[in-house]
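What follows is a set of notes on a single structure, which appears directly below.
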Amino acid sequence: MSTSSPYRIAVIKGDGIGPEIVSSAMKVLSSAAARFGFGVEYNEVLAGGCAIDACGVPLPSYTLDACRASDAVLLGAVGGPKWDGIEPSRRPERALLGLRSGLGLYANLRPALLFPELASASPLKNAGAIDILIVRELTGGIYFGENGSYESSDLLADGTVKGKVAYDTEAYSEGEIRRIVKQAFEFARGRGRKLTLVDKANVLASSRLWREVASSVASDYPDVALDFLYVDNCTMQLIGRPSSFDVIVTSNMFGDIISDEAGMITGSIGMLPSASLGAPETPGMYEPIHGSAPDIAGTGKANPLATILSAAMMLRWSLGEKAAADAIEDAVKKVVADGYRTPDIASGADGEISVDTDGMTEAVLKALG
Ligand code: NAD
C-alpha cells in the first residue's frame, strides 16, 4: 500500500547511542520509501534525559501530542548515568511508561530471531533455528494493579512479628485478555500457526481467566494450534527446545521476564527490534530492545541493526508497507550473511568485515539497492 501524502513519523532519538542508531534507521527508512514510492516526514521530539536537560521533565506534553498526531513513533533509547541521581518518578525511563500509557500501547511484540550466521553468539550449544514472536500484554497486570504497604503486629508461626507488609496485585479483565490474545492469534495465523499461552494457571486465578478466554477465542482460529505452558516450565523449554516455539502470548510480568530470556538465547542484544501497539487508530511505537548503552555512546561501536529492524516492523505493522519491510529485513539478512560485523556481533572468524555504526548503515543501504 502507498499513499500520496507522506507518513508522519514522530522520532525520539533519546540518549546515549539513541541519536546514532535512530539516524541510521531514518536513512534506511528514507531509502526504502524512495525505492517503494511513498513519502516519510519526520518530526523529531525530545524524551528521556535530553528532555530533562532541555525542559525539566522526561516526557514533555508536546512530545506526547506529537506522537499522538503521528502515524508511528520511532524511538532510540533513554537514560544514562547522568540522570541516575534523580528521584525515580522523574527519571528518563519514566518517559517510556508515559508513552505506553499515553498512547494506549497494550501489546508489546518482541521477535527473537537467531540469524544462522550468528549462531556462535548464542549461549546455547545447539540452538537450532530460533524464530519466536513474544506478544506481551503491556498496560495491565501486576505492574499496574493495586499496591501498597502497611504495618502488621500479627505473628508468624515461629513467633516473629510480621512488621511491614507490602503487596502488589495481579488483576486482568476478560476484555484486556481477549484483545491481546486475538492479536496473538492473528500474528500466529501469519506465521507458523502455533500459539502458546504462558501462564501460572496451577496457582493464579488471573491465569485461569487467561486460559478460559484464550480457549474461547481459539474457536475463531481453527487453523492455529493453541497450547498452554506454565511460566516456570517455559523458562526451561525456551532453553531446551527453542526452535519448537512460534508465537507466545503472555501477561505483562511473565512477558517481561521471558522476552529477556528469549533475547539472550539469540545472543545479540544489538539485533533485536520491538513494537508496541494499541488500538488500530493509535500510532505504534518501535524501538530496539536494548538501552542507551552509555558505555559506547559516541564511539561508533553501536550496532544499528535492531533499530533498522524496528523501522521494518513499523513499515509492516503501522504503515502497511509490507514490501518495503521485507526489503529491509532481506537487506539486513544479506549484510549479516556477507560478514559485516559491528563489535558486539564479531567473532573474529575468517571472512568477517569489521564495521562501525556508519559502515553497517552503508552496507544495509547498499543491500537495499
Ligand atoms: P544497555 O542495553 O544500554 O547496554 C547493555 C550492554 O549492551 C552494554 O554493554 C552496551 O554497550 C551493549 N549494547 C546495547 N545496545 C547495543 C548496540 N546497539 N550495539 C552494541 N552494543 C550494545 O543496558 P544498560 O547498560 O543496563 O542500560 C543503560 C541505560 O539504558 C540505563 O540508563 C537504562 O535505564 C537505559 N535503558 C533504556 C531502555 C529504553 O530506552 N527502552 C531499555 C533498557 C535500558
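Start at 1 and go down the list; that is how both ligands and their atoms are numbered. Only a predicted model underlies this, so the values are computations on that prediction, with no experimental measurement involved.
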List, one per line, each side-chain donor-acceptor pair under 3.5 Å for residues 238-245, sequence neighbours excluded.
{"residue": "R241", "atom": "NE", "partner": "Q237", "partner atom": "OE1", "Å": "3.1"}
{"residue": "R241", "atom": "NH1", "partner": "S244", "partner atom": "OG", "Å": "2.5"}
{"residue": "S244", "atom": "OG", "partner": "R241", "partner atom": "O", "Å": "2.8"}

The side-chain hydrogen bond (donor to acceptor under 3.5 Å, both in side chains) partner of Y286 among S274, S310, S318 is S318
Apart from L64 itself, members of its ILVMFWY cluster (side-chain separation under 4.5 Å) are I12, V45, L46, L59, Y62, V73, L75, V78, L96, L99, L103, L105, M285
Between the side chains of Y340 and E352, is a donor N or O closer than 3.5 angstrom to an acceptor N or O?
no
One should read off an interatomic distance between S292 OG and K13 NZ, to the nearest 0.5 angstrom, of 15.5 Å
Sequence neighbours excluded, the answer for side-chain hydrogen bond (donor to acceptor under 3.5 Å, both in side chains) partners of R341 is none
Per the under 4.0 Å non-hydrogen criterion, ligand 1 touches I17, A77, V78, G79, G80, E93, L96, I269, G270, E287, H290, G291, S292, A293, P294, D295, I296, A302, N303, D344
